[in-house]
**Q** 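Below: one structure in structure tokens.
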Amino acid sequence: MSDTPAPPDTPAYDPAAIEATWQQRWADRGTNSPDLASGGDPYYQLMMFPYPSAEGLHIGNLFAFTGADIHGRFQRLQGRTVFEPIGFDSFGIHSENFAIKVGAHPAALTPQNVVNFRRQLHRAGLMVDWSKEVVTSDPSYYKWTQWLFLQLYKQGLAYKKAAAVNWCPSCKTVLANEQVKDGQCERCDSLVEQRLLEQWFFRTSQYAPRLLDNIATLDWSETTRQAQRNWIGRSDGAHVTFRVANAHDVTVFTTRPDTIFGATWVVLAPEHPLVAEIVTPARRAAVDAYLERTRTRDVVSRKVNKEKTGVFTGAVAINPATGQPIPVWVADYVLMEYGTGAVMGVPGHDERDFEFAEKFALPIVRVVAGADDDAHAPLTEAYAAKSDADLLVNSGHFSGMPVPQAKKAVVAWLEERRSATPVVNYRLNDWCISRQRYWGPPIPIIYCDSCGPVPVPEDQLPVVLPLIDDFRPDDSGISPLARHDEWYRVPCPTCGIMARRETDVSDTFLDSAWYFLRYPSADRADVPFDAALTRKWLPVTTYIGGNEHAVLHLLYSRFITMALKDAGLLDFEEPFTRFRAHGMIIRDGAKMSKSKGNVVNPDDLIDRWGADSFRTYLMFLGPYEEGGDYRDSGITGVRRFLDRIWGPVHECTADGAPDATVLRKLHATIRKVGDDLPALGYNTAIAAMMEYVNTMRASERTVHRAEVEPLLQLLAPFAPHMTEACWEQLGHTTSIFDSGWPTYDPALLVADVLTIAVQVNGKTRGTVQVGKDATQADVYTAALQDPVIAKLVVTEPKKIIYVPGRLLSIVV
RNA sequence: GCCGACGUGGUGGAAUUGGUAGACACGCCAGACUUAGGAUCUGGUACCUCACGGUGUCCGGGUUCGAGUCCCGGCGUUGGCACCA
């Protein structure tokens, strides 16, 4: 960029040439491919691998990768053997839908996209070990995804059941519950329908307590840990049994057993198996009509439109606390998939029940009251406040007891009468992994009329996804692969008679739930992951990624790891020791998107400014874990900063001694950057280096070699190419990344003269210069020399507070 | 509705965790060097005031010698969850 005539011996800083040169050298010399078997002090630096879109790398990808790369490079400068792999999450509905949209085949499009991504990632100067790349749609990878399915199957963790599932009519596939938001498809926003299909599930719910309890042991971003806790959704309560005349008992789940004296009805979910049994002949027609109505209602109006509906079954249950008969209703505000599919209606203390009671004129009884409330005043809304001072009322011999205590006491009392048991419930469901789509790993199961479902023998893996032209999904709910007899008709592995392959493929989240296990062993065709390498390199030391995967991807990965541990295939059960969520890059205060037309193309920016400036600028936008607002104009400042280092490196002198002031600033900077980098405080580390460069170059002085050389090491993680070139210019023949991290001398950090702020009655009135060993009395004496302060301090101060090295506060 | 995060100049953001608010950078203003400047360098830049001085970290209270930071009550922005009993 600079046209300034440089001194004859200083070549202009030309990022394009330097970056190409060093990327080539790193590749030729294997600089970024550590010896995984022999390298000491292993550090596994993982970044979330991208889905290779046709648009190429998004600026958000590069923000994420650069931050992770800086962390990895810093660890390497600290002397660790750093393994920083990357790959491509190339299977899945994203890739398939895009292929359909542009009329191409995903098997043709994906490799093109991967080539483009690889090119862009190389340009960004990441310290990636390209010899360990994985591509999830490659048979050499998905062979092991299928193997993984079989391991879970063997353990009884994979099972098939007919279930009401979420069907997206636009994507034409089943969606996991977690892919449905407000009754809409997370991907395309279509209204989701309910369908009853046979699906494969993993028993994630079985691991809920462990997945929850382990969270306490993880060094993860707090927001991510909280999101996982919420998702797993532990709630402590009780099962309470209600007698129903001439029928089975109804068991409900409640977290408020203390309110049972106020339960004035019981409700079953429409799908509850007992509905058919308890309904009285007189009410059967009405109930059947209601069930029919809910069945045909789509998920949206059921889950989003919260208008209460319901119907009385005619049955009567006995409240086990009061002994009173209460009606049994059916209503769709009760969900079959949670708890027991039945609840007790306590309108006084639950908003939903209150609404239901008002609509159907059911009795509302108050059984909890705040200390100052009248126990007999009618309720105008549900009283669900959770103050510990709330007391039970109208609750027999429990009246007057505080709520927390009553929760336990009531259950214990009912337990004695065999009407209740304490229960912990989790919100976490089993993971539906079936997808009625084409672009994924076929689920390795064969259905035989005489043997039933038979797993494909492991030595016959992979079940190769056939290259077919009519891969588009249709509305039948049957996978495209089912249209190909020649593929799906196979002999049964057990008995040899003609059988049928499973034609569904598995969820993309399964591909990514184990990829970190594959990386170190990516070049091994004989095993999914080598035992010795895995023991040495896993769990992942630091994982950096987006919080949009806080729940699904991270939870599934944790589940898979636990399942493999239980199968004896791993010796750890948490895959990611440390996880940090990076923030999001926005532009003009809004998310970048094509529709808003505010997308920034990374290729253009690297062409114009160079990867080093681009990387450093992205990290300078704001705190890494919070993200930042991308502004086009700001990158000039960072480019200028690099230019201002490039010059001195080429013109520095080794004669004489470095300047004392500069040296003190240098050591302060080494400390600051060394403290900031492990905590991902990239923006402040860059600011500190800028400050140092301003000091170093003050008054256009000639810079000493010892002033600039350590700076290159501090800057190297941000601007790897430029610092390598400068390092070479200073006469080094090996990579700067093998040069270690500079140390600072604490003795040099203390200035000889300190500036102390002086406050009088809390207001800053001036500053004084004192020697570094000055006492409170010295500072006070010095302060009184200041006429402004002397004028304010006319009497003996009431109080003097001295904060050593910082300020003196005088109270008069 | 529930849970969490956040609120600082024209802008992005700093602030050693209770100690001189606005580091660093963008932008802007002025100057230097220039045929030229969208290059480079130097200086200035929170607000009010000619000045002395005063006021300032969303608003209102409080604790403290001292509050951007801690406490109480509001308002706003944003992310997640949501008929989960």
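Below, all heavy atoms of this structure are taken into account, side chains as well, without hydrogens, waters or symmetry copies.
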**Q** Find the partner of B:rG76: check Watson-Crick (N1-N3 plus N6-O4 or O6-N4) and G-U wobble (N1-O2, O6-N3) distances, both under 3.5 Å, and reply none if neither fits.
**A** B:rC6
**Q** In whole Å, what separates the C1' atom of B:rU8 from that of B:rC58?
**A**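 Per the computed distance, 10 Å lies between those C1' atoms.
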**Q** Checking contacts here: which listed nucleotide (B:rC65, B:rC26, B:rG19) is nearest the side-chain heavy atoms of A:Arg631?
**A** B:rC26
**Q** Can you see if the side chain of A:Arg765 gets near the phosphate of B:rU20 - specifically, an N or O under 4.0 Å from OP1 or OP2?
**A** no
**Q** Which nucleotide, if any, forms a Watson-Crick or G-U wobble pair with B:rU57, using both distances under 3.5 Å?
**A** none
**Q** Which nucleotide in the set B:rA23, B:rA85, B:rC41 lies at the smallest distance from any side-chain heavy atom of A:Glu691?
**A**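 Of the candidates, B:rA23 comes closest.
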**Q** What is the distance, to the nearest angstrom, from the CZ atom on A:Arg229 to the P atom on B:rA5?
**A** 12 Å
**Q** Which nucleotide sits closest to the side chain of A:Asn694: B:rC26, B:rU20, B:rA25?
**A**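 So the nucleotide nearest the side chain must be B:rA25.
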**Q** Classify the nucleic acid contact of A:Phe620 as base, sugar-phosphate or nothing, counting any heavy atom under 4.0 Å across all strands shown.
**A** base
**Q** Among B:rA85, B:rG27, B:rG1, which nucleotide has an atom closest to any side-chain atom of A:Glu351?
**A** B:rG1
**Q** Between protein and nucleotides 6-8 of chain B, what N or O pairs are separated by less than 3.5 Å?
**A**
none

**Q** Under 3.5 Å, is there a donor-acceptor pair between the side chain of A:Ser221 and the main chain of A:Thr223?
**A** no
**Q** Is it the case that more than 12 heavy atoms not belonging to A:Gln776 sit under 6.0 Å from its CD atom?
**A**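 Atom CD in A:Gln776 is crowded, with more than 12 foreign heavy atoms closer than 6.0 Å.
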**Q** With rounding to the closest Å, how many angstrom separate the C1' atoms on B:rU17 and B:rG66?
**A** 15 Å
**Q** Check for me whether A:Arg427 meets the cation-pi criterion with A:Trp231, that is, NZ or CZ under 6.0 Å from the six-membered ring centre and within 45 degrees of the ring axis.
**A**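 So A:Arg427 does make the cation-pi contact.
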**Q** Write down the distance separating the C1' atoms in B:rG19 and B:rA67, rounded off to the nearest Å.
**A**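 So the two C1' atoms sit 10 Å from each other.
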**Q** Mind checking whether A:Phe356 and A:Tyr333 have ring centres under 6.0 Å apart?
**A** yes
**Q** Nearest heavy atom decides the nucleotide; on that basis, is A:Ser633 or A:Lys672 closer to the 5' end of RNA chain B?
**A** A:Lys672
**Q** Taking CG from A:Leu711 and C1' from B:rC24, how many angstroms apart are they, rounded to a whole number?
**A**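 Result: 15 Å.
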**Q** Please figure out whether A:Gly341 or A:Ala757 has its closest RNA chain B nucleotide nearer the 5' end.
**A** A:Ala757
**Q** Grab the CG-C1' distance between A:Asp676 and B:rA15 for me, whole Å please.
**A** 12 Å
**Q** Quick check on B:rG9: syn or anti? Syn means the glycosidic torsion is within 90 degrees of zero.
**A**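 Here B:rG9 takes the syn form, which means its glycosidic angle is within 90° of 0.
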**Q** Between C1' on B:rA82 and OH on A:Tyr338, what's the gap in Å once rounded to a whole number?
**A** 13 Å
**Q** Between B:rC26, B:rU55, B:rC81, spot the one nearest the side chain of A:Lys763, thanks.
**A** B:rU55
**Q** Using a 4.0 Å heavy-atom cut-off across all strands, classify A:Leu621 as base, sugar-phosphate, or nothing.
**A**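 Contact class for A:Leu621: sugar-phosphate only.
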**Q** I'd like to know if the side chain of A:His349 reaches the main chain of A:Val367, judged simply by a donor and an acceptor atom lying under 3.5 Å from each other, with no hydrogens or angles considered.
**A** yes
**Q** Hey, is the side chain of A:Asn230 poking within less than 4.0 Å of OP1 or OP2 on B:rC2, counting only N and O atoms?
**A**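 Looking at the OP1 and OP2 atoms of B:rC2, neither is under 4.0 Å from any side-chain N or O of A:Asn230.
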**Q** With rounding to whole Å, what would you report as the distance between B:rG13 and B:rG79 at their P atoms?
**A**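 Here B:rG13 and B:rG79 have their P atoms 15 Å from each other.
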**Q** Is it true that A:Arg587 and A:Asp632 have a side-chain N and a carboxylate O under 4.0 angstrom from each other?
**A**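 Salt bridge between A:Arg587 and A:Asp632, a charged N being under 4.0 Å from a carboxylate O: yes.
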**Q** Among B:rA23, B:rA14, B:rU20, which nucleotide has an atom closest to any side-chain atom of A:Pro623?
**A**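 Within the option list, the nearest is B:rA14.
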**Q** For B:rA32, give its Watson-Crick or G-U wobble partner with both distances under 3.5 Å, or none.
**A** B:rU40
**Q** Tell me: CH2 of A:Trp231 to P of B:rC2, nearest whole Å?
**A** 21 Å
**Q** With a 3.5 Å limit on both atom pairs, tell me what B:rG22 is paired to, counting Watson-Crick and G-U wobble, or say none.
**A** none
**Q** Among A:Tyr630, A:Trp609, A:Phe641, find the one that has a ring-ring contact (aromatic ring centres under 6.0 Å, His included) with A:Tyr617.
**A** A:Tyr630
**Q** Under the 3.5 angstrom rule, does the side chain of A:Thr294 hit a backbone N or O of A:Asp332 as a donor-acceptor pair?
**A**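 Judged by distance alone, no pair lies under 3.5 Å.
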**Q** Step through the shown structure and confirm whether more than 12 heavy atoms of other residues, nucleotides or ligands are within 6.0 Å of NZ on A:Lys359.
**A**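 Yes, because the 6.0 Å sphere around NZ of A:Lys359 holds more than 12 heavy atoms from other groups.
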**Q** Output the single nucleotide from B:rA85, B:rG12, B:rC26 whose closest atom is nearest the side chain of A:Asp629.
**A**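 For A:Asp629, the side-chain atoms sit closest to B:rG12.
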**Q** Below 4.0 angstrom from OP1 or OP2 of B:rC26, is there any side-chain N or O of A:Arg640?
**A**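 For B:rC26, OP1 or OP2 has a side-chain N or O of A:Arg640 closer than 4.0 Å.
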**Q** Calculate the interatomic distance between A:Asp675 atom CG and B:rU17 atom P; express it in whole Å.
**A**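 These atoms are roughly 12 Å apart.
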**Q** At under 4.0 Å between heavy atoms, what does A:Thr755 touch on the DNA or RNA strands: base, sugar-phosphate, or nothing?
**A** base
**Q** If we take the P atom in both B:rU11 and B:rG4, what is their distance in whole Å?
**A** 30 Å
**Q** Looking only at N and O atoms, is any donor in the side chain of A:Ser809 or the base of B:rC65 less than 3.5 Å from an acceptor on the other one?
**A**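 Answer yes: a donor N or O sits under 3.5 Å from an acceptor.
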**Q** Tell me what A:Thr767 touches on the nucleic acid: a base, only sugar-phosphate, or nothing, going by heavy atoms under 4.0 Å.
**A**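 Base: the residue A:Thr767, judged by heavy atoms under 4.0 Å, touches a nucleobase.
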**Q** For B:rU20 and B:rA46, measure between their C1' atoms and round to the nearest Å.
**A**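 Roughly 15 Å separates the two C1' atoms.
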**Q** Given B:rG12, is OP1 or OP2 found less than 4.0 Å from the side-chain N or O atoms of A:Asn683?
**A**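 No, A:Asn683 has no side-chain N/O under 4.0 Å of OP1/OP2 on B:rG12.
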**Q** Could you let me know what B:rG27 is paired to, Watson-Crick or G-U wobble, both distances under 3.5 Å, or none if it's on its own?
**A** B:rU45
**Q** Pairing check on B:rC70: which nucleotide meets the Watson-Crick or G-U wobble criteria with it, both distances under 3.5 Å?
**A**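 Across any shown strand, B:rC70 pairs with B:rG62.
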**Q** For A:Glu355 and B:rA85, give me the distance from atom CD to atom P, rounded to whole Å.
**A**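 Rounded to whole Å, this separation is 17 Å.
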**Q** Any N or O donor-acceptor pair linking the side chain of A:Gln759 to the base of B:rG19 at under 3.5 Å?
**A**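 Counting by modelled atom types and ignoring angles, a donor-acceptor contact under 3.5 Å is found here.
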**Q** Can you figure out which of B:rC83, B:rA15, B:rC3 approaches the side chain of A:Gln226 most closely?
**A** B:rC3
**Q** Expressed as a whole number of angstroms, how long is the span from A:Glu625:CD to B:rG13:C1'?
**A** 16 Å
**Q** Expressed as a whole number of Å, how far does the P atom of B:rU40 sit from that of B:rU49?
**A** 35 Å
**Q** Please measure how far the P atom in B:rG61 lies from the corresponding atom in B:rU69, and state the result in whole Å.
**A** 14 Å
**Q** Suppose we screen for salt bridge (charged side-chain N to carboxylate O under 4.0 Å, His left out). Which residues come up paired with A:Glu355, at least two apart in sequence or across chains?
**A**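 If we apply the salt bridge (charged side-chain N to carboxylate O under 4.0 Å, His left out) test to A:Glu355, skipping adjacent residues, the hits are A:Lys308.
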**Q** Is any side-chain N or O of A:Lys308 under 3.5 Å from a base N or O of B:rC83, one able to act as donor and the other as acceptor?
**A**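 Such a pair exists between side chain and base.
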**Q** For the side chain of A:Thr223, starting at C-beta, report the closest nucleotide among B:rC24, B:rG4, B:rA15.
**A** B:rG4
**Q** Scan A:Val343 against the nucleic acid and name what it touches under 4.0 Å (heavy atoms): base, sugar-phosphate only, or nothing.
**A**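 Touches a base.
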**Q** Would you say A:Arg644 reaches B:rC41's phosphate, i.e. side-chain N/O to OP1/OP2 under 4.0 Å?
**A** yes
**Q** Charged N to carboxylate O below 4.0 Å: is that the case for A:Asp643 and A:Arg639?
**A** yes
**Q** Between B:rA85 and A:Tyr333, is there an OP1 or OP2 to side-chain N/O distance shorter than 4.0 Å?
**A** no
**Q** Is it the case that the ring center of A:Phe63 lies less than 6.0 angstrom away from the ring center of A:Tyr624?
**A** yes
